[in-house]
Amino acid sequence: MKVDERWSGVYSFEDSPFIMEVLTELRDRNTDSIAFRKGLVKLGRYMGYELTKTMEVEEVEVETPLEKTKGVVVKDRRNVVIITVLRAAIPLMEGLIKVFEHARVGVVSASRGKAPKFEIEMNYIKIPDLKPEDTVIVADPMIATGSTLIKVLEEIEKYGKPKRTIVLGVLAAPEGISRIKEQFPEVEIFVAKVDRELDEKGYILPGLGDAGDRAFGAPLKVS
Ligand SMILES: O=P(O)(O)OC[C@H]1O[C@H](OP(=O)(O)OP(=O)(O)O)[C@H](O)[C@@H]1O
Ligand SMILES: O=c1cc[nH]c(=O)[nH]1
Ligand SMILES: [Mg+2]
């Protein structure tokens with residue numbers, strides 16, 4: 001895990017060769033949707049595992065079949081709420097929940113409109129009550145303009161004040177991180193990599209394309 005000095009509370013996993021290899025496969029235009037989804041599940045699992053390194057640990061006593069010894073329990077792992085931002089976070093959540101098996105799960109739909117407004121349509125919102133001991137992990141693979149996450153974070157604030165709010169993504173553009181950090185300085189951001197910039201349509205460069213479409217296929221517009 002690497003601290004990104006441009007902001008406070010922003011981390012990347014550029015120092016993990018395994019995470020970078022999975023990211024490389026996701027970036028590859030020839031990766032089909034089965035492999036793309038599998039890659040997102042892997043990243044959810046391994047980035048989730050890395051996140052446990054930032055969590056509160058308690059020392060416990062354990063009895064092996066032979067004798068007593070000291071062990072640990074990652075306390076915060078028991079109090080995790082994963083917020084899944086549809087669509088692209090579905091496979092990421094599948095990986096995360098393997099590490100945080102006790103997690104309560106919220107689901108929100110968010111769809112970004114076209115440039116230059118990038119209006120966010122959010123029609124489906126199911127978020128559990130957030131308790132002071134909770135670590136909320138907002139899973140969304142792509143942080144581009146940041147508009148989606150700002151809208152989601154504004155909504156989450158209505159459900160209680162957790163111990164930590166974490167955004168877990170795959171790729172981010174510096175513009176999106178700056179916008180989120182400006183409005184939510186306390187929110188921690190963990191991404192596999194911070195990419196270079198956004199193009200005029202709001203796509204991350206070099207990026208991996210449209211994460212939702214690559215994982216599930218492009219939706220047909222009928223009206
Ligand atoms: O930071 P932003 O500029 O708001 O863009 C990021 C959002 O774009 C994608 O969702 P999209 O709207 O394409 O929906 P989808 O997951 O259903 O494809 C992605 O999964 C993020 O939620
Ligand atoms: O590059 C991008 C930007 C927004 N959403 C995506 O899926 N990809
Ligand atoms: Mg999309």
Side-chain angles (χ1 to χ4, degrees), residues 4 7 10 12 22-29 31-33 35-37 39-41 43-44 47 82-96 105-127 136-156 165-184 187-223:
D4 196 317
W7 307 272
V10 178
S12 78
V22 181
L23 174 62
T24 303
E25 198 184 355
L26 292 179
R27 287 193 194 277
D28 188 340
R29 63 183 308 149
T31 297
D32 67 12
S33 58
F36 193 87
R37 287 197 294 261
L40 285 180
V41 175
L43 286 186
M47 292 201 291
I82 302 171
I83 308 289
T84 309
V85 184
L86 299 179
R87 280 176 302 168
I90 295 172
L92 200 60
M93 193 276 276
E94 195 186 319
L96 275 172
V105 176
V107 178
V108 300
S109 73
S111 192
R112 190 182 76 161
K114 289 203 180 343
K117 280 185 151 177
F118 300 112
E119 273 184 65
I120 309 300
E121 218 180 280
M122 225 167 106
N123 298 320
Y124 183 90
I125 304 165
K126 298 274 159 136
I127 297 173
V136 174
I137 303 174
V138 187
D140 189 342
M142 308 301 276
I143 309 169
T145 63
S147 312
T148 302
L149 276 167
I150 286 171
K151 188 115 178 177
V152 172
L153 291 166
E154 282 172 350
E155 185 62 31
I156 289 173
T165 302
I166 292 170
V167 166
L168 185 98
V170 175
L171 287 179
E175 297 92 318
I177 294 183
S178 295
R179 280 189 65 211
I180 294 168
K181 276 284 166 185
E182 204 173 298
Q183 194 169 332
F184 299 95
V187 168
E188 300 161 61
I189 301 179
F190 292 80
V191 286
K193 192 167 189 326
V194 181
D195 261 356
R196 195 179 66 244
E197 61 184 344
L198 290 176
D199 72 7
E200 69 286 350
K201 288 186 177 155
Y203 280 94
I204 298 172
L205 295 174
L208 50 74
D210 187 303
D213 289 359
R214 291 202 61 197
F216 300 115
L220 178 66
K221 295 254 187 306
V222 288
S223 56

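Indexing begins at 1, ligand by ligand and atom by atom, following the structure's order.
The contact set between ligand 1 and Ser111, taken as ligand atoms under 4.0 Å from a residue heavy atom, comprises 12 (O). When each atom of ligand 1 is checked for a heavy atom of Arg87 under 4.0 Å away, the hits are 15 (P), 16 (O), 17 (O), 18 (O). Residue Ala88 approaches ligand 1 through these ligand atoms, each under 4.0 Å from one of its heavy atoms: 16 (O), 20 (O).
Under the side-chain hydrogen bond (donor to acceptor under 3.5 Å, both in side chains) criterion, no residue pair touches residues 105-117, with sequence neighbours excluded.
How far CD1 of Ile180 is from OG1 of Thr148: 9.0 Å, rounded to the nearest 0.5 Å. From Asp4, atom CG reaches atom OG of Ser12 across 6.5 Å, with rounding to the nearest 0.5 Å.
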Could you tabulate the donor-acceptor pairs under 3.5 Å formed by side-chain atoms of residues 82-94, not counting sequence neighbours?
residue: Arg87; atom: NH1; partner: Gly217; partner atom: O; Å: 3.1
residue: Arg87; atom: NH2; partner: Asp213; partner atom: OD1; Å: 2.7

| query | What's the verdict on side-chain contact (heavy atoms from CB on, under 4.5 Å) for Leu198 and Ile204, showing C-alpha distance, side-chain angles and the deciding distance? | reply | CA-CA 5 Å; Leu198 290 176; Ile204 298 172; 3.9 Å; yes
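Around the CD atom of Glu197, the shell of radius 6.0 Å holds more than 12 heavy atoms that belong to other residues, nucleotides or ligands.
No donor-acceptor distance shorter than 3.5 angstrom exists from the side chain of Lys193 to the backbone of Gly207, with no hydrogens or angles considered. Within the 3.5 Å criterion, the main-chain N or O of Glu25 finds a donor-acceptor partner in the side chain of Thr31. Using a distance-only test at 3.5 Å, with no hydrogens or angles considered, no donor-acceptor pair links the side chain of Asp195 to the main chain of Leu171.
At a heavy-atom distance under 4.0 Å, no atom of Ala211 approaches ligand 1. With a heavy-atom cut-off of 4.0 Å, Asp210 touches ligand 1 through its side chain alone.
Every N/O-N/O distance between Pro141 and ligand 1 stays at or above 3.5 Å. By the 3.5 Å distance cut-off applied to N or O atoms, Thr145 is counted among the residues near ligand 1. For a threshold of 3.5 Å applied to N or O pairs, the pair formed by Asp140 and ligand 1 contains at least one separation below that value. Geometrically, ligand 1 and Leu149 share no nitrogen or oxygen pair separated by less than 3.5 Å. Annotation: Gly146 places an N or O atom under 3.5 Å from an N or O atom of ligand 1; distance criterion only.
The side chain to side chain contact (heavy atoms under 4.5 Å, CB included) test applied to Pro116 returns no partner, not counting sequence neighbours.
The Mg ion (ligand 3) lies at 2.8 Å or more from every N, O or S atom belonging to Asp213.
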Report each N/O pair between ligand 2 and the protein that falls under 3.5 Å, naming both atoms.
residue: ligand 2; atom: 1 (O); partner: Ile204; partner atom: N; Å: 2.8
residue: ligand 2; atom: 7 (O); partner: Ala211; partner atom: N; Å: 2.8
residue: ligand 2; atom: 8 (N); partner: Gly209; partner atom: O; Å: 2.8

